[in-house]
Amino acid sequence: MTEWFAKHVLCLPEGASTTGQSVDDLLVYVHWLMLALFVGWIIYFLYALRRFRSSRHPKADYHGVRSHVSSGVEIGVVVVEAVLLIGIAIPIWARNVDKIPPPDQSTVVQVVAQQFAWNVRYPGPDGTFGKQDMKFVAADNVFGVDPADPAGKDDIQTLNEVHVPVNKPVVIYLSSKDVIHSLRIIAMRVCQDAIPGLRIPLWFTPTRVGRYQINCAQLCGNGHSAMSGGFLTVDNPADYEAWLKSKSGAATTQSFE
């Protein structure tokens with residue numbers, strides 16, 4: 001039922017990650033709740049129009065409500081909201097934030113957003129990122145890679161192009177070069193703000209091979225629409241390894257200005 005509602009009523013695009021269905025289910029439940037609240041308030045509104053019509057109460061009652069039912073309802077609402085927040089929302093948030101897959105079992109990627117493109121970095125064949133320092137950040141060194149560190153010589157850098165293997169966790173460490181951006185991959189059901197000075201992790205596990213658009217969910221300037229030029233390509237393992245080999249030894253340090 002939830003899948004039918006998500007597809008035919010909410011018109012959600014098909015998900016392509018292990019967590020996509022749970023996100024869609026939450027959206028469906030929220031919309032059902034909003035529908036129930038809407039119908040409930042309409043019924044109450046019609047009841048109030050009939051119950052307190054002027055013909056039934058030609059003379060105003062200046063004493064108001066004497067019952068404490070409304071106070072009890074308000075307390076009940078607070079308790080329910082506290083249970084939803086403490087018992088459901090916070091544990092789900094903590095599970096997704098704290099339980100990041102280990103690097104040796106994941107595809108680890110660094111992404112630095114800027115006006116108006118996505119800079120992407122992979123560790124090279126040695127599997128180790130080169131050291132970084134803010135003092136090395138420049139137009140041709142967006143990630144601030146230390147040029148003296150041999151581990152960074154084989155690192156792979158691309159522009160607006162993210163490749164990952166299917167059915168393997170992907171951990172993206174996200175930051176921004178200039179203003180606040182927001183990495184949004186609808187098919188993976190992930191969205192995370194990119195904030196200058198912070199490196200924020202997000203993760204997902206892709207389940208379907210394909211090419212998916214990357215959007216910026218923050219209005220980041222006059223060229224904001226250009227941020228949709230980024231794409232996430234989910235490959236089968238063999239194609240992913242072939243892509244990595246094609247980039248190894250030819251790492252680029254370009255950026256979009």
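Between the side chain of N141 and the main chain of F136, a donor-acceptor pair closer than 3.5 Å is present. Side-chain atoms of D149 come within 3.5 Å of backbone atoms of A151 as a donor-acceptor pair (strictly under, hydrogens ignored). For the pair K153 (side chain) and P147 (backbone), a donor-acceptor distance under 3.5 Å is present. Counting only distance, with no hydrogens or angles, the side chain of W118 and the backbone of E161 share no donor-acceptor pair below 3.5 Å. Proximity of a side-chain donor or acceptor of Q213 to a complementary backbone N or O of S228 within less than 3.5 Å is detected. Proximity of a side-chain donor or acceptor of Q114 to a complementary backbone N or O of D178 within less than 3.5 Å is not detected. Listed for the D24 side chain is no donor-acceptor partner under 3.5 Å among the backbone atoms of A6. When atom types are taken as modelled, the side chain of H224 and the backbone of Q218 share a donor-acceptor pair closer than 3.5 angstrom.
The shortest distance between side-chain heavy atoms of R50 and L46 does not fall below 4.5 Å. Put simply, the side chain of V234 reaches to within 4.5 Å of the side chain of M188, judged on heavy atoms. In this structure, T207 and N167 have side chains that are in contact, with non-hydrogen atoms separated by less than 4.5 Å. Within the 4.5 Å cutoff, no side-chain heavy atoms of R189 are placed close to those of F204. Between N119 and L159, the closest side-chain pair of non-hydrogen atoms falls below 4.5 Å. V164 places a side-chain heavy atom less than 4.5 Å from the side chain of P206. When side chains are defined from C-beta on, H31 does not count as touching V9, because their heavy atoms never get closer than 4.5 Å. Counting heavy atoms from C-beta outward, P103 and V171 have side chains that stay 4.5 Å or more apart.
The 12-atom threshold is not exceeded at CD of E14, counting heavy atoms of other residues, nucleotides or ligands nearer than 6.0 Å. Atom CE of M134 has 12 or fewer neighbouring heavy atoms from other residues, nucleotides or ligands inside a 6.0 Å radius. More than 12 heavy atoms of other residues, nucleotides or ligands sit less than 6.0 Å from atom NE2 of H8. Counting non-hydrogen atoms of other residues, nucleotides and ligands closer than 6.0 Å to CZ of F52 gives a total above 12. Crowding of R53 atom CZ: a count of heavy atoms from other residues, nucleotides or ligands under 6.0 Å exceeding 12.
Using modelled atom types and a 3.5 Å distance limit, the side chains of S182 and R184 yield no donor-acceptor pair.
Connection of V77 to L84 is not established within any shared hydrophobic cluster, with ILVMFWY side chains joined at heavy-atom distances below 4.5 Å, either directly or through further cluster members. Hydrophobic clustering, with ILVMFWY side chains joined whenever heavy atoms are under 4.5 angstrom apart, keeps I200 apart from V109. In terms of hydrophobic clustering, with Ile, Leu, Val, Met, Phe, Trp and Tyr side chains grouped at heavy-atom distances under 4.5 Å, V39 and V28 are assigned to a common cluster. With hydrophobic clusters built from ILVMFWY side chains whose heavy atoms lie under 4.5 angstrom apart, L183 does not share a cluster with I186. Side-chain heavy atoms closer than 4.5 Å link hydrophobic residues (I, L, V, M, F, W, Y) into clusters, and following such links, even through other members, never connects L198 to V142.
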Can you list the steps and then say if F143 with D155 is a side chain to side chain contact (heavy atoms under 4.5 Å, CB included)? CA-CA 11 Å; F143 292 90; D155 288 353; over 6 Å; no
Evaluate the side chain to side chain contact (heavy atoms under 4.5 Å, CB included) criterion for residues I156 and S248: first the C-alpha distance (whole Å), next the side-chain angles of each, then the deciding distance (0.1 Å), finally the verdict. CA-CA 6 Å; I156 299 168; S248 298; 3.8 Å; yes
Side chain to side chain contact (heavy atoms under 4.5 Å, CB included) for D146 and D133? Distances and angles first, verdict last. CA-CA 7 Å; D146 186 348; D133 196 304; 5.9 Å; no
Can you check side chain to side chain contact (heavy atoms under 4.5 Å, CB included) on L85 and I90, steps first, answer last? CA-CA 6 Å; L85 178 63; I90 292 179; 4.3 Å; yes
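Taking all atoms of both residues into account, the shortest heavy-atom contact from Q115 to G221 is NE2-CA, 4.1 Å. For the residue pair R208 and V166, the shortest heavy atom distance occurs at N-CG2, 3.7 Å. Residue P123 comes nearest to G127 through the heavy atom pair CB-C, 3.6 Å, listed as atom of the first residue, atom of the second, then distance. Across all non-hydrogen atoms, the minimal contact from Q132 to R199 is OE1-NH2, 3.0 Å. Annotation for A194 and L174: closest pair CB-CG, 3.6 Å, computed over non-hydrogen atoms.
Atom OH of Y173 and atom CD of Q192 lie 12.5 Å apart (nearest 0.5 Å). Atom-to-atom distance recorded for L232:CG and H163:NE2 is 8.5 Å, nearest 0.5 angstrom. In this structure, CG on L26 lies 8.0 Å from OG on S22, to the nearest 0.5 angstrom. The CD1 atom of I195 sits 5.5 Å away from atom CD1 of I180, with the distance rounded to the nearest 0.5 Å. The CZ atom of F231 sits 8.5 Å away from atom CD1 of I214, with the distance rounded to the nearest 0.5 Å. Rounding to the nearest 0.5 Å places CG of D235 at 10.5 Å from OG1 of T107.
Under the 30°/60° scheme for interplanar angles, the aromatic rings of W243 and Y240 are found to lie parallel.
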